[in-house]
Each structure stands twice: as structure tokens, then as C-alpha cells.
Amino acid sequence: MASWRFEAIGTQWEIETTEPLPESARAAVMAEIDRFDREWSRFRADSEVVRLGREGGGFASADARPMLDAYRGLSAATGGAVNPLVADSLDALGYDAEYSLVPGEPVRAPADWEQDVSWTDTDVAASAPALIDVGALGKGRLVDLVAAVLAAVPGDLVVDAGGDIRVRGSGVRIGLEHPYDPTKAIGVVDVHDQALCASAINRRAWGSGLHHVLDARTGMPVRTWAATWAWAPEAMTADAVATALFFDGGVELAAMWNVEWVRMSTDGRVQRSPGCPAELFVAAGASHPSGRN
């Protein structure tokens, strides 16, 4: 497999193909990533969502319907714990556009976010200034978009954006990284013609116990689960369920969306879905010796 590595949207990407990608394909990938970033990144001052956060209004995007429909499902399943207006909550704890990482007082996201944000097949609008954060599923959505850009490229394809992975073709064997020791794995899985997305509290962590997976109802990081993995045909769906699994209702949502999963608690317990394809090195429900509170 030929490999192309680059940095984009604050994460490391690797795209593997049977033959090296031509420059035209690489340019198309970078154009799609830049387009998505200019619309949906809360970390760049010129993005459309940052403008909505300052002024309200709206902007055109074909991503609005699939992402915000999924957010509606996430919010309903988790009792409001997952919410696209959690951006101000993240900013309050220091995970802001400047990466200040200086925490202040927690801020709850507005529970009635659907009264402020509306969307159609072609656009999204905010009736008042509202800063949208699509971190619960946005990277998965972008992985799907990049895979679509490369749909005509012959042979096998692996798109990996910092652990959000979509595979086409013969497949790859992937280790499930231990959230407290990146040199270890809690299991392995063969991924064929589907997506695997992971989320963990150690990936974007700072201060004293702060990390990027927040409960929108409290504005504080979750404490029960340390890492999640989810398998689905599309990376956005897997990414969304990987987020939902940090909260009550995530297991039920995964079943509703036909997504298989594994999750590990902060005290080392491992759970899995009934049809989970992974080979785990610890029994489901058992404590892992490297777990901690």
C-alpha cells in the first residue's frame, strides 16, 4: 500500500491506497478538507460557524442536514448530554480557539438548542448568535467526505484521521489502544469495508482531570468512561456513537443504529456489544490491570 501522511484540522492524517495517489487526487482531498474546515471549524476566526457565534444568521452547507440530524438523535438518546452548542462550555474550560487551556467556571450548554438552530438540506441558521461545535461527529463526517472524493481511485483504500478510520477493500487489522498506556492494546479487530472510530479522555486532556468529552448539561468532563470504539458503515455514524457511549443512552442508540462497539471505564472494566467483531484481551465486564479511577 502507498501511504500519504499530512496534518490537517489539528490531527495527523494517513491515506493508504493500492497505488500512489496522483497530484490531482491529493489536491481534491485538500480542497474538500479546507472547505469543511472553513465552514465548521470553531478554531479559525474566518469560519462560518464562528461568524454564526458572533452574529447569528446562516450559511450554505450540504453537511448541515446529516450532521445536525445526527445531533438530534444523539441529544435525544443521551438526555441532552450531547449538544452542538457545547462550544461555549469547552471555551470556558480552556479548550478554546487559542488553546489557552486555562479553565474558568463551567458553563452549561443551552438545553433548548433546537429552538436556536435550524437546518435544511442546503443550509444551517441560528436565530441569535450561537457557536456550533461538531466535535462529536465532525471528524467522522470529514473522513466520509474524503473517502467519497477518492471513490474513483482503484483498489483498496484506508482513510485514517487521528483514529477515525474508514476502510474500503481487503481491510486492515487495527489495535484498540489502551487509554492509559498507548504502548498497549485492549484488543484487535479486522476492519473490512466499514469505519472504526474511537474516542478517549486522554487524547485532548489538560489541567486537573479536564478533557474534551463534556456533558453539555453540566459543562464538565465525563468521569465514568475512559475510551470507546464503534464500527459502522460510515465514519460519521461510528464517530457519533463513540461519543454517545460515554453517556447513559449510548448503548441503546448503538443498537438502534446497528452499530457494534467496545468501551472501557475509568476503573478498567470493559464492555462490548453482542455482535462486536473485536478480539479482546480481557473478558467483557472484567477489570484490566492497568485501569485506574
Side-chain angles (χ1 to χ4, degrees), residues 16 66-67 69-79 81-82 136-141 143-144 147-148 156-180 184-201 203 213 222 224-291:
E16 294 183 336
M67 290 200 298
D69 277 358
Y71 261 104
R72 177 181 283 154
L74 285 168
S75 183
T78 62
V82 182
L137 49 74
K139 186 147 62 80
R141 170 67 176 174
V143 167
D144 290 334
D156 294 344
L157 171 70
V158 179
V159 180
D160 180 353
D164 285 0
I165 302 168
R166 183 157 175 175
V167 178
R168 185 188 74 205
S170 59
V172 293
R173 191 165 177 83
I174 299 172
L176 310 182
E177 182 184 296
H178 194 296
Y180 297 132
K184 298 179 180 178
I186 71 161
V188 293
V189 66
D190 293 315
V191 180
H192 303 268
D193 286 317
Q194 63 177 168
L196 164 63
C197 291
S199 186
I201 64 174
R203 282 303 185 182
V213 186
V222 299
T224 303
W225 299 101
T228 63
W229 298 264
W231 293 262
E234 296 84 28
M236 188 188 77
T237 302
D239 197 10
V241 170
T243 300
L245 287 167
F246 282 94
F247 306 97
D248 291 341
V251 170
E252 292 77 12
L253 182 68
M256 186 185 308
W257 287 359
N258 297 312
V259 175
E260 304 296 344
W261 55 271
V262 173
R263 62 181 179 178
M264 183 176 182
S265 69
T266 51
D267 64 3
R269 293 174 293 113
V270 175
Q271 295 181 351
R272 66 189 298 169
S273 60
C276 172
E279 175 190 350
L280 299 181
F281 303 146
V282 289
S287 293
H288 192 285
S290 296

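This chain uses plain numbering: 1 for the first residue, then up along the sequence. Keep in mind that the numbers below use all heavy atoms, side chains included, and drop hydrogens, waters and symmetry copies. Being a predicted model, the structure only gives us computed values, none of them experimental.
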Checklist line | For E279, side chain to side chain donor-acceptor pair (under 3.5 Å) partners two or more places apart | finding: R173
Notebook entry, point to check: Does the side chain of W261 reach to within under 4.5 Å of the side chain of V251, using non-hydrogen atoms?
Noted result: yes
Checklist line | Sub-4.5 Å side-chain heavy-atom contact between V172 and D156 | finding: no
Checklist line | Minimum-distance pair of heavy atoms, taken over all atoms of V143 and I165 | finding: CG1-C, 4.5 Å
Next item on the list: For D193 and R168, run side chain to side chain contact (heavy atoms under 4.5 Å, CB included): C-alpha distance rounded to whole Å, both residues' side-chain angles, the deciding distance at 0.1 Å, then the answer.
Entry: CA-CA 4 Å; D193 286 317; R168 185 188 74 205; 3.9 Å; yes
Next item on the list: Identify the heavy atoms of H192 and G171 that sit nearest to each other, and give their distance.
Entry: ND1-CA, 3.6 Å
Next item on the list: Could you check if a side-chain atom of R263 sits within less than 4.5 angstrom of a side-chain atom of F246, using non-hydrogen atoms only?
Entry: no
Checklist line | Nearest-0.5 Å distance that lies between atom CE in M264 and atom OH in Y180 | finding: 7.0 Å
Checklist line | Atom of D164, atom of C197 and distance for their closest heavy-atom approach | finding: OD1-CB, 3.5 Å
Next item on the list: Output the distance between atom CZ (R166) and atom CG (L196), rounded to the nearest 0.5 Å.
Entry: 13.0 Å
Donor-acceptor list for residues 227-245 side chains, cut-off 3.5 Å, not counting sequence neighbours:
| residue | atom | partner | partner atom | Å |
| --- | --- | --- | --- | --- |
| T228 | OG1 | A242 | O | 2.6 |
| D239 | OD2 | G140 | N | 3.0 |
| T243 | OG1 | A136 | O | 2.9 |
| T243 | OG1 | D239 | O | 3.3 |

Check: If you measure from CZ on R72 to CG on L74, what distance do you get to the nearest 0.5 Å?
Finding: 12.0 Å
Next item on the list: Could you grab the distance from atom OG of S273 to atom CG of N258, nearest 0.5 Å is fine?
Entry: 11.0 Å
Check: Nearest heavy-atom pair of C276 and V262: which atoms, and what distance?
Finding: SG-CG2, 3.3 Å
Margin query: Ignoring hydrogens, what is the shortest heavy-atom contact between D267 and R269? Give both atom names and the distance.
Written below: OD1-NE, 3.1 Å
Check: Any sub-3.5 Å donor-acceptor pair from R272's side-chain atoms to L280's backbone N or O?
Finding: no
